[in-house]
Amino acid sequence: MAFLKPKTTMAEEVPPVEADEQELKPAKKKPVRAPGSALFSAVLLFYFSAFFMLFLRDLQWQGLVLAFAMPLMTLITSEMLPKLVPCDKLLLALTNFLCALGVLVLYDTNPAYAYNQAMYYGLGLLGMMICLCLVRFIRHWGPLAWLLMPVSIVLLALPLIIGRETNGARNWFYIGGVSVQPSEIVKLSLLIILSYFMSRRRFFAWLIFAGASLVILMLQKDLGTALLYYGVTLLLYYAASGNLVLTGVGLAGGAGAAVLGYHMFAHVKRRVAIWVNPFADYNQAGYQIVQSLMAIASGGLFGVGLGLGSPQTIPVYHTDFIFAVICEQFGLIFGLCVLLIYVAIIWRGAAIAIAARRRFHALLAMGCTAMLGLQTFVIIGGVIKLIPLTGVTMPLVSYGGTSMVACLCMIGLLQGVSSLNEDDLQEDMRLASQGREAMR
Amino acid sequence: MPPVVYEIIALAMRYWFALLGVLIVWLAFSWLRKDQQQTRKRLKNLLDAGTIGVLTVVLGSDELKTDYTLPVPCEGSLGFLRTCDVVVPVNNVQPEHLYFSFENGKGLFIYPRKNCPCTVDGVELFSRRDGRRHPMVHCSVLSVGDAVLRLQLFDGLDVPAHALHRLDAWYKQDPWAVPEDELSPPGNLDAYPVQPHGMPPFPQGEGTYQSAVPPFPQGVAPPFPQGNGTYQHMAAPLPQENRAFQRVAAPYPHGNEPYQRMVPPYPQENKPYPYGAASYPQGNGAYPSVEPPFPQREVPPFPENAGAFYPPPAAPVMQPRSRHRRQERRWREDGLSETENYDG
């Protein structure tokens with residue numbers, strides 16, 4: 001993988017541009033300290049102490065292995081991976097923190113899930129590297145975008161044919177005992193297709209694909225994913241065209257469709273009723289949300305303590321309601337910190353999108369950021385009863401192989417655009433220094 | 001471990017985890033902030049970051065005057081709308097006339113929109129396919145609407161060497177009359193050997209094209225945003241070795257040539273002229289020799305011919321005495337005698 005090594009290192013390692021000034025002034029010898037070393041140390045300390053505590057509780061060797069393995073994995077991916085593939089270290093560190101947090105919470109509640117999640121985490125890292133390399137090396141996305149369109153539609157429609165209904169939605173199918181949620185995989189192709197066709201200003205191609213995907217998702221009754229797809233499409237359209245009128249029309253159309261769906265579908269009506277007053281039927285329909293709210297409340301500011309409390313009483317605590325478990329165990333302050341880490345990832349993603357030189361790369365980065373941000377908002381908003389609950393996973397934390405791999409692939413796409421930005425900046429610096437030489 | 005002991009440890013560790021969580025967030029945001037500051041600092045020093053060169057206006061309008069330069073990003077749109085990446089407020093240019101995209105090693109590809117044709121080096125482009133066939137390279141000329149723009153790329157960019165500029169086609173559109181002898185033989189362009197990148201499109205030694213236009217270095221033409229969103233500014237003065245760029249930027253139809261007609265009609269040596277240029281019979285035209293033609297001694301008119309032949313009665317008569325005094329003073333200053341000057 002040495003060929004993947006960048007010409008220069010990433011932004012945080014490169015000194016600022018004033019090459020001329022540096023040539024003139026004698027360089028002061030200062031101890032160079034990487035800006036992320038303190039962050040990495042804090043993350044390592046957090047995971048070592050947390051897993052070691054769980055080992056003390058159960059006194060099982062798996063806990064001890066995880067106490068060393070998880071920090072080591074975080075360290076390797078944060079320190080070694082940037083040496084192989086050029087990538088954004090901060091984004092990588094925050095992603096690793098969230099992924100490892102998911103493994104930690106799952107190990108606390110159900111160790112079997114944690115082992116699976118750790119495996120998917122490794123698989124996701126591989127997917128992230130592949131996506132990063134794809135963005136760096138693919139110059140013509142046209143053939144891939146055209147190919148992805150029919151493949152994605154078929155994949156998305158598969159659960160309607162061979163799928164099984166779970167929690168009211170028919171969005172899963174099983175291959176050899178492994179469950180696959182195609183809507184998570186299609187997220188990636190949606191981003192690539194939308195970015196490509198919007199960057200080429202081909203209106204109808206992306207509109208047909210997005211419309212077909214939404215219709216299939218509505219047929220599967222997967223409202224949460226449909227909301228994500230719709231929101232990301234609208235955001236990307238606004239980013240690509242800047243057309244506020246048409247974006248407003250799209251938003252109004254979405255609101256109209258929601259109202260229509262409320263009157264047409266009974267399950268939508270029930271969800272809204274639960275959202276308005278979950279305590280009216282707290283033992284049946286509102287049980288999930290009531291348990292979630294009670295868990296968050298019982299955690300208080302600092303939580304009930306890692307390994308204590310009763311997170312298993314919350315239904316689907318390992319997927320949709322994992323944020324409630326985090327708040328119960330670690331407290332509201334820590335929950336807020338997790339939210340801020342998502343904010344930092346979104347901030348970073350938006351900065352990458354703004355700095356991108358190519359329209360396609362800018363839209364791709366913006367799409368990944370919007371998808372991650374919107375998904376986080378939808379699930380956390382649902383858990384804290386800000387919006388009606390829809391069944392989506394909390395990115396990078398919730399249990400689920402497909403979700404974890406898809407989210408890490410999105411991070412990989414972001415990393416790819418970030419490394420291209422860095423290359424472009426290096427190229428600009430080269431041209432500028434050449435110009436300065438010519439002027440001398 | 002006994003549950004009670006574990007509970008005590010877990011309750012104590014809650015604060016530790018909360019502290020670490022806050023620390024991680026604080027460190028992440030401080031890293032973000034520092035990184036953003038550093039990026040801003042780097043971009044501040046790179047005035048032309050994100051651009052690949054400039055489009056110099058050869059023929060524009062009142063709003064977009066000749067000689068102005070428009071920075072070209074590596075991808076974007078061109079039209080008269082303010083939201084376009086390159087704003088060309090000229091007649092017959094559509095709101096979004098065309099899109100362009102720079103590809104390393106290939107050049108700048110032009111993708112005209114439907115019913116918005118344009119011309120690249122004399123070749124008319126109607127579709128994306130046409131645009132893929134005829135990429136713009138350094139010194140290529142783009143005609144869009146009534147505007148004529150010339151692309152100048154930054155030095156050091158990876159651009160192909162097969163740039164045979166069809167400037168003749170450009171000449172045909174040129175508003176200025178170009179002398180016929182300055183045109184290369186029509187229809188014979190393909191016979192010319194391919195010039196390396198940066199070289200003029202005409203063979204060396206023929207015609208008046210003697211030097212190439214070097215791609216100018218980055219950093220010398222900062223994009224100043226004007227009020228209406230159009231990036232319009234004159235090219236900054238360039239160093240001595242890049243003077244050819246200044247020549248190119250001049251509003252003359254010669255393109256790559258180093259404007260010989262603009263050479264001022266002064267001698268090469270720094271000898272002062274004894275008289276003003278107006279006193280020469282050639283006026284301001286080209287002087288055949290470096291040495292100024294000194295005036296001959298005036299022959300005083302014979303008394304019998306006075307008023308008949310010389311000087312003509314209608315002509316203004318100068319006062320010989322004062323004129324001679326001036327001459328004498330100048331010759332004295334130059335260390336010359338009157339005889340030497342009169343008789344060579």
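Note that the structure is a prediction, hence the values are computed from the model and not measured.
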Which value, rounded to the nearest 0.5 Å, describes the distance between B:D35 atom CG and A:K89 atom NZ?
11.5 Å
Rounded to the nearest 0.5 Å, what's the gap from NZ on B:K34 to CG on A:L90? Could you check?
12.0 Å
Test your reading of the model: is there a side-chain donor-acceptor pair from B:E75 to the backbone of A:R359, 3.5 Å cut-off?
yes
Among B:Y15, B:Y99, B:F29, which residue forms the greatest number of heavy-atom pairs with chain A at distances under 4.5 Å?
B:Y99
Those residues at least two apart in sequence (or on a different chain) that pass side-chain contact (heavy atoms from CB on, under 4.5 Å) with A:S298 are A:E328
Would you mind checking which part of B:W16 comes under 4.5 Å of any heavy atom in chain A, side chain (CB onward), backbone (N, CA, C, O), both or neither?
side chain
Is A:F360 in contact with chain B via its backbone, its side chain, both, or neither, using a 4.5 Å heavy-atom distance?
backbone
With a 4.5 Å cut-off on side-chain heavy atoms, are A:D428 and B:F154 touching?
no
Please give me the minimum heavy-atom distance between B:L27 and A:A42, naming the atom from each residue.
CD1-CB, 4.4 Å
Quick one: closest heavy-atom pair of A:V304 and B:R14, and the distance?
C-CD, 3.9 Å
Straight-line distance of B:I52 CD1 to A:L431 CG, nearest 0.5 Å
11.0 Å
Contact origin within A:A355 toward chain B - heavy atom pairs under 4.5 Å:
neither
Quick one: pull up SG in A:C337 and CH2 in B:W26 and give me the separation to the nearest 0.5 Å.
13.5 Å
Between A:M53 and B:F17, is there a side-chain heavy-atom distance shorter than 4.5 Å?
yes
Using a 4.5 Å cut-off on heavy atoms from C-beta on, say whether the side chain of A:L425 contacts that of B:L43.
yes
For the OH atom of A:Y47 and the CG atom of B:L20, what is their distance to the nearest 0.5 Å?
10.5 Å
Check for a donor-acceptor pair, side chain of A:D424 on one end and backbone N or O of B:G50 on the other, with a separation under 3.5 Å.
no
What part of B:L32 lies closer than 4.5 angstrom to a heavy atom of chain A: side chain, backbone, both or neither?
both
Pick one of side chain, backbone, both or neither for A:L306, based on which atoms fall under 4.5 Å of a heavy atom in chain B.
both
Could you tell me which of A:L45, A:D58, A:V338, A:L336 has the largest number of non-hydrogen atom pairs under 4.5 Å with chain B?
A:L45
Counting heavy-atom pairs under 4.5 Å to chain A, which of B:G76, B:A18, B:A28 comes out on top?
B:A28
Side chain, backbone, both or neither: which part of A:F330 has a heavy atom under 4.5 Å from chain B?
side chain
Kindly compute the distance separating CD (B:Q36) from CZ (A:R348), expressed to the nearest 0.5 Å.
8.5 Å
May I ask you to test the A:R357-B:P73 pair for a side-chain heavy-atom distance under 4.5 Å?
no
A:I333 versus chain B, the contacting section by heavy-atom distance below 4.5 Å:
side chain
Non-hydrogen atoms of chain B under 4.5 Å away: do they reach the side chain of A:S49, the backbone, both or neither?
both
Minimum side-chain heavy-atom gap A:R201-B:Y111 below 4.5 Å:
no
What part of A:L56 lies closer than 4.5 angstrom to a heavy atom of chain B: side chain, backbone, both or neither?
both
Beyond-backbone contact of B:L11 with A:F302, side-chain heavy atoms, under 4.5 angstrom
no
Chain A shares the most heavy-atom pairs under 4.5 Å, among B:G21, B:S101, B:A12, with B:G21
Given heavy-atom pairs under 4.5 angstrom as the criterion, report whether the side chain, backbone, both or neither of A:F46 touches chain B.
both
